[in-house]
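Since the structure is predicted, the reported quantities are computational estimates derived from the model, not experimental observations. Letters A, B, ... are given to chains in the order of the sequence lines, protein chains preceding strands, and every chain is numbered from 1.
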Amino acid sequence: MAFLQLQGIHKRFGPVHTIKGVDLTIERGEFVVFVGPSGCGKSTLLRLIAGLERIDEGRLVLDGRDITDVPSSQRDLAMVFQSYALYPHMTVEDNMSFALRLAKADPAEIRQKVGRAAEILNLGAYLKRLPKELSGGQRQRVAIGRAIVRSPKVFLFDEPLSNLDAALRGQTRVEIAKLHRELGATTIYVTHDQVEAMTLADRVVVLKDGLIEQVGSPLELYDRPANRFVAQFIGTPQMNVVPLEQTPTLVRSEAPAGAAGGSVGLRPESIVVQPAGSTPVEASVELIEALGAETLVYVRTSAGAQFAARQNSRSTLRPGERVSLTLDTRQAHWFDTAGRVVPGRAAA
Amino acid sequence: MAFLQLQGIHKRFGPVHTIKGVDLTIERGEFVVFVGPSGCGKSTLLRLIAGLERIDEGRLVLDGRDITDVPSSQRDLAMVFQSYALYPHMTVEDNMSFALRLAKADPAEIRQKVGRAAEILNLGAYLKRLPKELSGGQRQRVAIGRAIVRSPKVFLFDEPLSNLDAALRGQTRVEIAKLHRELGATTIYVTHDQVEAMTLADRVVVLKDGLIEQVGSPLELYDRPANRFVAQFIGTPQMNVVPLEQTPTLVRSEAPAGAAGGSVGLRPESIVVQPAGSTPVEASVELIEALGAETLVYVRTSAGAQFAARQNSRSTLRPGERVSLTLDTRQAHWFDTAGRVVPGRAAA
Amino acid sequence: MSTRPVPFDWLQALRTVAAWLVSLLYVFPLIFLFVTAFKTELQAIEVPTLWFFTPTLEAFHEVQERSDYLLFAKNSIITSVGSTLLGLLLAAPAAYAMAFFPTQRTKDVLMWMLSTKFMPAVGALVPVYVMAQKTHLLDSTLGLTIVFALSNLPIMVWMLYSHFKEIPHEILEAARMDGAGLWGEFRHVLVPLGMGGLASTGLLCLVLSWNEAFWSLNLSAANAGTLAALIASYSSPEGLFWAKLSAASLMAIAPIVVFGWFSQKQLVQGLTFGAVK
Amino acid sequence: ATELVIATVNNGHMIEMQKLAKNFEAANPDIKLKWVTLEEGVLRQRVTTDIATKGGQFDIMTIGMYEAPIWGKKGWLQELKTDAAYDVDDLLPAIRNGLSIDGKLFAAPFYGESSMLMYRKDLADKAGVTVGDKPTWDQIADLAKKIHNPKDGVYGICLRGKPGWGDNMAFLSTLVNTYGGQWFDMSWKPQIDSKPWKDAITFYVDLLKNYGPPGSAGNSFNEILSLYNAGKCGMWIDATIAASFITDPKQSKVADKVAFANAPTKATPKGANWLWSWNLAIPAGSKKAAEAQKFIQWATSKDYIQLVAKTNGWANVPTGTRKSTYASPEFQKAAKFAAAEKAAIDSANPNDSTLPKSPYVGVQFAAIPEFQAIGLAVGQQMSAALSGKSTVDAALKASQATADREMKKAGYYK
Amino acid sequence: MSSTAAQAAPRLVPRLLQAPAVVTLFLWMIVPLVMTLYFSTIRYNLMQPDQSGFIGLANYEFFITDPSFGTAVVNTLLLIGSVIAISVVGGVALALLVNEPFPGRGIVRMLLISPFFVMPTVNALMWKHMMMNPIYGVFAQIAQFFGATPVDFMADWPMTAVVIMVSWQWLPFACLIFITALQSLDREQMEAARMDGATWFAQLRYLVLPHLARPVAVVVMIEMIFLLSVFAEIFTTTGGGPGDASTNVAFLIFKQALLNFDAGVASAGALFAVLLANIVAIFLVRLIGKSLDK
Ligand SMILES: Nc1ncnc2c1ncn2[C@@H]1O[C@H](COP(=O)(O)OP(=O)(O)OP(=O)(O)O)[C@@H](O)[C@H]1O
Ligand SMILES: Nc1ncnc2c1ncn2[C@@H]1O[C@H](COP(=O)(O)OP(=O)(O)OP(=O)(O)O)[C@@H](O)[C@H]1O
Ligand SMILES: [Mg+2]
Ligand SMILES: [Mg+2]
């Protein structure tokens with residue numbers, strides 16, 4: 001049975017229609033990640049679920065109970081706010097133990113839970129500090145800590161790791177995954193980080209402009225995006241989407257009928273940069289980004305199409321150099337004029 | 001001549017010694033990125049440069065002029081705050097134009113500059129909103145916009161893109177690079193994002209606990225880290241650093257003398273996972289992270305060493321499966337007991 | 001640790017001097033009052049003003065002998081503390097609701113509340129007197145407490161409203177998410193964060209009640225009079241009364257000033273830094 | 001025990017009574033006294049509201065000579081029935097008349113006063129002027145001119161200027177009276193625009209402008225008392241009670257330099273000095289009338305005066321109420337001003353205080369309810385004239401108009 | 001992102017929270033109001049309770065045709081206007097002065113707000129006699145010291161004197177509110193402004209003052225109410241004079257209510273004051289209302 005159901009949810013801020021009818025069913029214990037461009041309504045949706053904003057239209061059902069109008073404090077959710085919202089007058093320790101103290105938990109248990117959370121989050125040394133004496137990342141960690149000391153029915157995380165360094169982020173991500181496994185609490189997680197989305201999610205929900213674009217497992221979205229938007233949104237660097245007319249005839253010839261006048265999407269790893277003249281697709285290098293383990297090569301074909309190619313080695317190329325491209329159309333995505341995916345010939 | 005010089009800078013917050021003597025020289029027009037774990041003092045350093053905190057010890061020289069005690073408003077810097085610090089009672093437009101209005105710039109010019117920034121940052125639709133009516137990412141963009149409408153001597157960015165989605169982040173990153181190229185303003189940029197650090201920086205400064213660990217170009221740091229900390233900090237997923245005694249004899253035999261009792265570092269791409277039995281290094285799979293284009297395989301050898309391997313294809317492995325590893329020691333980093341880098345035999 | 005010496009801050013020095021100068025000048029009349037209280041009546045009218053003299057407690061003795069200062073002080077404390085508490089009890093929830101759950105009508109309600117104070121007290125004397133008499137609240141501290149609380153209520157709601165508005169919503173929301181009910185939210189977040197506002201509102205109400213002379217005089221007789229009523233027996237009797245008036249005034253305002261000293265800390269709390277980004 | 005709530009005015013004699021009331025309580029253990037001491041103006045507002053709304057908060061009220069006849073007539077006060085020991089005939093007739101209606105006494109006088117001239121003998125001597133017992137205003141003006149010496153901080157004459165029917169108008173009424181004027185004629189028409197008023201006020205304004213202290217428009221009894229005690233006034237015409245203060249070396253720098261004379265006169269001696277008394281009365285509704293009566297008898301008795309004399313000396317007894325007080329040789333010896341005061345009080349007659357016949361009772365006021373408002377309004381105009389904000393003519397005209405308005409509203413005439 | 005409008009919590013709760021305050025205030029308002037309305041239409045002099053009866057609008061007419069009425073209205077507005085202006089401007093200035101830490105800040109702050117603790121009567125007497133008396137007042141002594149003629153405030157500048165006294169009392173109130181409000185001004189915003197090159201003055205103009213908009217609104221409205229009914233100070237110092245130079249509407253009502261004991265006219269006057277207050281309030285709301293719901 002569905003644990004959390006969002007039914008036709010709408011939200012307006014005055015004239016601004018922010019959530020335009022969201023239907024979603026989340027199973028008990030599921031880890032759902034919300035992604036979407038900045039301003040698409042992720043936080044708002046979270047806040048609606050949390051009961052911090054009034055739902056203008058639609059219903060919210062938790063565990064079979066209509067909670068559309070139940071006050072936040074009775075919903076048994078824990079939330080990490082995008083803006084932290086720490087209690088400025090409480091120390092780190094008090095911030096984290098607040099919910100437990102409210103719930104009249106046993107002091108020993110509180111101490112133990114807070115201690116554990118502080119350890120996970122590397123906050124041990126800061127327990128007696130006030131929020132204003134912390135760095136940005138430390139504050140964010142306190143916000144996380146405040147949520148994870150509790151054992152709620154549902155966890156809501158709003159970009160919880162955005163201000164952490166890579167190492168700590170990886171570490172905390174693992175801890176969140178572990179926590180999820182241990183507690184089995186249903187979790188809704190907003191992030192802009194692809195790695196987080198791909199590694200944590202049971203299902204990813206892609207939002208755009210207050211509407212759900214696609215829901216599916218991470219690899220489903222990666223491999224079978226429903227439309228151009230999702231295709232480009234999932235995966236970094238983003239998929240190269242090029243109007244068909246700018247692509248080499250070779251590619252064009254493989255396009256399914258439905259994609260006529262549309263475009264083709266090729267992930268950067270489907271594009272191989274080769275010495276000039278080795279293939280008929282000529283291009284010039286525009287920019288090289290050496291990321292250490294891999295290198296991104298941005299090229300522009302003579303037809304004006306721009307491609308980013310991913311390469312697993314260092315490159316000696318220089319901007320302006322002439323190169324040839326191999327485009328691996330086996331993994332191409334085809335889009336019609338409206339941006340909808342059109343199945344490739346092979347599939348058809 | 002050095003443009004901005006930090007000489008022996010110290011900062012204490014009461015008993016907390018946050019910046020413990022930083023010396024750094026930044027050239028005119030350089031793009032310097034600060035990285036380091038959360039709480040290491042990046043923001044503090046930025047705030048010291050900005051003149052928002054008093055320098056307890058040391059000197060700050062800008063363009064040959066000692067500005068240690070010059071008030072912020074006279075330093076001609078623009079800063080993006082980690083916490084945004086938007087003016088809550090001003091609309092987005094007013095927030096962005098504030099500095100220009102103060103400088104009594106021509107209204108037409110103001111309009112043009114704000115318009116341009118809003119366009120870059122996708123804020124066009126929100127110009128008349130108040131900060132509280134914006135999403136987290138939108139607020140962050142306003143904070144960026146506020147800085148980039150100006151043409152200051154020095155730009156200070158404190159994790160400016162942390163709340164943006166991948167697409168927008170890429171786009172904004174490119175715009176910042178472009179801006180830097182156009183204006184040639186010296187820029188100091190704090191980030192936790194490796195891609196940003198690698199692609200934007202002329203030089204990266206790695207901080208830890210209020211001290212500089214290493215300064216160098218991005219690839220320098222990636223390829224020739226000065227110590228174990230930097231080695232592990234730069235690159236995601238982080239470098240596998242394993243105590244020598246846990247490594248296969250094969251690896252141990254290649255270790256330089258100085259690394260005795262120390263450890264070896266291998267980047268995930270130096271480790272190849274192969275079918276069980278194909279090499280003498282036996283291991284079992286612990287976790288698989290499929291990121292779309294690449295897959296991370298976490299394995300544990302029988303000696304107890306943990307490795308993350310990066311693979312550019314999907315993997316059919318399952319956790320628990322037995323595999324063999326090939327360790328590419330040509331690209332190994334060797335560390336002595338104190339974590340300092342020891343040159344490999346080849347180099348020696 | 002060779003921390004750079006903090007350079008001499010001229011601005012700071014200037015500010016210090018200016019602030020002290022201005023404040024001393026500003027309270028000069030009070031200083032004058034204070035000094036006068038320790039003079040004899042004859043010294044009090046000396047021109048030019050005597051600044052050096054042997055202080056005497058004569059005036060204070062006189063005041064204490066003449067009237068039961070303690071009774072008046074007790075009444076003052078009961079009525080002002082009582083009305084402040086009662087007022088806060090009524091005003092704080094209302095202000096909280098208005099600040100954090102505003103509706104289209106909130107502003108109108110606020111205005112209306114204020115408008116209940118538009119009627120000058122003198123104009124309403126007879127109705128209120130009759131009301132008090134009918135409810136047997138004439139000359140009782142309870143009656144005065146209620147009247148003070150009600151006449152200060154609109155102001156308290158306004159002030160609290162304005163202070164609560166300064167508290168970021170998110171912090172309250174976080175508490176709500178942490179399972180804090182209405183009371184928890186109020187007790188653990190609003191009160192500590194709004195302390196400055198609550199304290200200054202409470203202080204204001206306290207002062208207004210303490211100084212309220214009109215109702216205190218008109219609704220009390222022998223039992224419920226407050227210090228403001230006591231003062232009415234020292235202003236302009238026949239004969240010289242400067243020292244006595246000064247002494248009585250000093251005694252009347254001393255408790256509240258001392259209380260003000262103690263509430264200093266609460267008044268100046270600014271706590272919201274670093275809470276949200 | 002029965003609790004008596006007593007509203008009193010905050011002047012020295014009353015406060016003394018409060019202290020001495022211990023004796024009364026000791027003698028009457030079943031009566032407990034509670035005091036409400038208020039400044040004159042507030043007391044008047046307080047007791048009036050209470051008695052008019054039948055609030056019943058006070059068992060004994062201190063009321064002035066102004067209220068006594070008004071309230072008595074309305075039946076708001078209980079008649080005082082005194083015993084033989086009280087010797088009601090010992091009360092000064094002028095005072096007793098003012099407090100009685102149809103021969104029934106409605107309030108017992110606690111102390112009384114009139115007005116008189118208090119001048120600095122030393123200054124007059126220096127100027128070579130002897131002030132007679134009954135000076136005229138012309139002599140006063142002359143003397144004021146002679147002793148006026150602002151450089152040394154001495155002003156020729158200090159007179160009330162602060163607006164209020166009990167403030168500047170108390171004095172000005174007597175001045176107008178002696179100039180031959182009145183408040184209302186027999187048909188209750190205000191007479192403020194008449195010639196005597198104009199002459200009197202012109203004289204007053206000129207006098208104070210030339211020989212008065214700055215700030216006269218804000219001065220009333222207390223302000224002038226301070227000035228006088230500090231040695232800044234050459235002359236002062238005001239309440240006889242002032243005499244005891246300015247001759248008290250503890251309060252006054254000029255205690256030994258003052259002399260007294262009757263209030264100055266001009267066209268007629270009638271109403272040249274006022275008559276006032278503070279009295280104790282029992283509101284009609286009081287349920288503790290018997291006990292209240294008992295206390296009032298005690299507080300206004302000869303014995304009480306003896307008690308004060310015994311405790312504080314004869315110089316401090318409440319005066320202006322009883323013939324026996326003035327007859328006492330000890331008092332005459334102790335109070336330099338005794339004779340002057342008795343003469344002043346005896347000469348005042350509230351029922352006949354103006355040269356033309358008047359319909360009202362009162363020397364420096366008219367005992368009608370409307371008088372307070374009229375008095376204040378006129379007082380304000382007079383202070384405007386004094387301060388130069390308006391001319392005497394304009395002020396009088398405005399006053400007349402206001403008074404006319406009030407009288408019309410109250411229905412005295414159409 | 002914070003929602004200002006709706007919240008998910010049932011709307012009933014906020015209403016319940018407001019109810020006690022609203023209901024008690026309503027009762028406290030409506031009973032006297034109805035009685036006052038009634039009194040204002042009958043002949044009702046406390047001193048003459050025997051003469052009574054419905055007289056229509058005669059009380060209003062009498063009040064409004066008072067020769068001092070025009071002056072009183074003007075003086076009322078003048079008093080409200082100048083005291084509010086003085087206390088807001090002065091209050092902001094003083095609050096700013098003591099906002100940054102300096103030695104003895106606590107004491108200075110306390111000194112500055114203590115005049116507010118002084119009872120109005122004491123305040124009035126103190127100013128009239130100790131400060132402004134043209135002979136022995138402090139001002140006079142200072143003037144004489146410099147060889148100038150002392151100003152006779154009560155006679156020559158009665159309204160100014162009243163304004164000074166009332167301002168002296170109310171400025172600290174404004175100051176107190178502003179001091180408290182300044183505490184919640186976000187430090188990082190100020191820093192951002194400094195980075196934007198804002199001078200001290202610009203920070204004041206663009207950040208501090210907008211931040212103080214709501215407290216200013218509160219101060220203005222609250223002071224308006226108290227100033228509208230100032231009469232004790234006037235009664236004790238100038239008695240409304242000289243002439244009617246310092247008479248305001250409240251004093252006029254006071255005269256009717258407590259000197260003339262005419263409850264009828266006083267009621268009419270009180271209702272007129274309500275009307276006047278509403279007019280002023282509407283005007284003020286126009287002026288400052290926007291800052292309330294920020
Ligand atoms: N006002 C303060 N009082 C005490 N300690 C402080 C204060 N401000 C910062 N610190 C401490 O100084 C250290 C450095 O803080 P800073 O904000 O510079 O870190 P950061 O490198 O920017 O971290 P992050 O990546 O999390 O933003 C932190 O450990 C922090 O707790
Ligand atoms: N109070 C408000 N008034 C008006 N518009 C609002 C309000 N709050 C949010 N919005 C708008 O609603 C949209 C969705 O906001 P939301 O915060 O949910 O975005 P988000 O998906 O969380 O974005 P981000 O990734 O930037 O945090 C945004 O365009 C925002 O501008
Ligand atoms: Mg968001
Ligand atoms: Mg930081």
Side-chain angles (χ1 to χ4, degrees), chain C residues 12 15-16 19-20 23 26-27 29-30 32-33 47-48 90-91 93-94 96-97 101 107 113-114 116-128 131 150 153 155 157-159 162 165-166 169-170 196 200 207 211 213 228 231 235 249 253 256-257 260-261 264 267-270 272-273, chain E residues 2 4 7 14 17-18 20-21 24-25 28-29 31-32 35-36 97-98 100 102-103 106 108 110-112 114-122 125-126 130-131 136 141 176 180 183-184 187 214-215 218 221-222 225 229 231-232 250 253-254 257-258 263 266-267 269-270 273-274 277 292-293:
Chain C
Q12 166 84 354
R15 176 168 38 232
T16 311
W20 273 100
S23 62
Y26 201 81
V27 293
L30 272 186
F32 200 94
L33 187 82
V47 182
L90 291 172
Y96 163 77
F101 305 93
K107 231 168 92 185
M113 286 197 157
L114 212 54
T116 61
K117 286 219 58 147
F118 285 173
M119 171 108 65
V122 209
L125 173 62
V126 175
V128 173
M131 267 160 73
L150 285 177
L153 189 57
I155 286 159
V157 172
W158 264 67
M159 284 192 54
S162 133
K165 272 278 191 190
E166 309 285 341
H169 269 259
E170 280 103 327
S200 64
V207 171
N211 289 349
I231 290 297
S235 57
S249 304
I253 64 178
I256 194 103
V257 172
W261 272 103
Q264 256 289 298
L267 287 180
V268 299
Q269 272 176 348
T272 46
F273 307 125
Chain E
S2 61
T4 40
Q7 295 279 341
L17 289 175
Q18 288 178 46
T24 43
L25 261 186
W28 171 242
M29 176 199 79
V31 176
M35 284 171 81
T36 308
L97 186 64
V98 301
E100 302 284 326
F102 61 84
V108 165
M110 195 55 223
L111 287 181
L112 279 180
S114 42
F116 187 57
F117 303 151
V118 179
M119 291 160 189
T121 346
V122 176
L125 288 168
M126 198 170 64
M130 296 177 172
M131 295 295 127
Y136 47 81
Q141 290 185 35
L176 171 70
T180 323
Q183 299 303 316
S184 61
R187 206 182 40 202
R214 196 180 307 123
V218 169
M221 293 309 281
I222 291 181
I225 290 195
S229 50
F231 72 87
I253 299 170
F254 166 77
L258 287 177
S267 296
V274 173
L292 266 186
D293 42 19

Provide the closest heavy-atom pair for [X] versus [Y] in the form atom of the first, atom of the second, distance.
{"X": "C/Ala19", "Y": "E/Val108", "answer": "O-CG1, 3.8 Å"}
{"X": "E/Phe231", "Y": "C/Val122", "answer": "CE2-CG2, 3.3 Å"}
{"X": "C/Met113", "Y": "E/Leu25", "answer": "CG-CD1, 3.8 Å"}
{"X": "C/Gln12", "Y": "E/Phe102", "answer": "NE2-CA, 3.4 Å"}
{"X": "E/Pro32", "Y": "C/Pro127", "answer": "CA-CB, 3.9 Å"}
{"X": "E/Ala270", "Y": "C/Met119", "answer": "CB-SD, 3.7 Å"}

Supply the atom-to-atom distance [X] [atom1] to [Y] [atom2], rounded to the nearest 0.5 angstrom.
{"X": "E/Ile253", "Y": "C/Leu125", "atom1": "CD1", "atom2": "CG", "value": "12.5 Å"}
{"X": "C/Thr16", "Y": "E/Leu97", "atom1": "OG1", "atom2": "CG", "value": "9.0 Å"}
{"X": "C/Leu153", "Y": "E/Thr24", "atom1": "CG", "atom2": "OG1", "value": "5.5 Å"}
{"X": "C/Glu166", "Y": "E/Arg214", "atom1": "CD", "atom2": "CZ", "value": "5.0 Å"}
{"X": "E/Ile225", "Y": "C/Leu114", "atom1": "CD1", "atom2": "CG", "value": "3.0 Å"}
{"X": "C/Met131", "Y": "E/Trp28", "atom1": "CE", "atom2": "CH2", "value": "6.0 Å"}

I need the residue from [options] with the largest number of non-hydrogen atom pairs under 4.5 Å to chain E.
{"options": "C/Val128, C/Val157, C/Ile256", "answer": "C/Ile256"}
{"options": "C/Pro120, C/Ala97, C/Pro29", "answer": "C/Pro29"}
{"options": "C/Ala91, C/Pro93, C/Ser249, C/Ala124", "answer": "C/Pro93"}

Counting heavy-atom pairs closer than 4.5 Å to chain C, which one of E/Ala273, E/Ser229, E/Ala277 comes out on top?
E/Ala277

Let's test your reading of the structure: which of E/Met119, E/Met35, E/Met131, E/Met126 forms the most heavy-atom pairs below 4.5 Å with chain C?
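Of the options given, most contacts go to E/Met119.
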
Hey, are the side chains of C/Tyr26 and E/Leu112 touching, using non-hydrogen atoms and a 4.5 Å cut-off?
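In short, these two side chains touch, coming nearer than 4.5 Å.
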
Donor-acceptor contact below 3.5 Å, side chain C/Trp20 vs main chain E/Pro103
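Yes, because the side chain of C/Trp20 sits within donor-acceptor range (under 3.5 Å) of the backbone of E/Pro103.
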
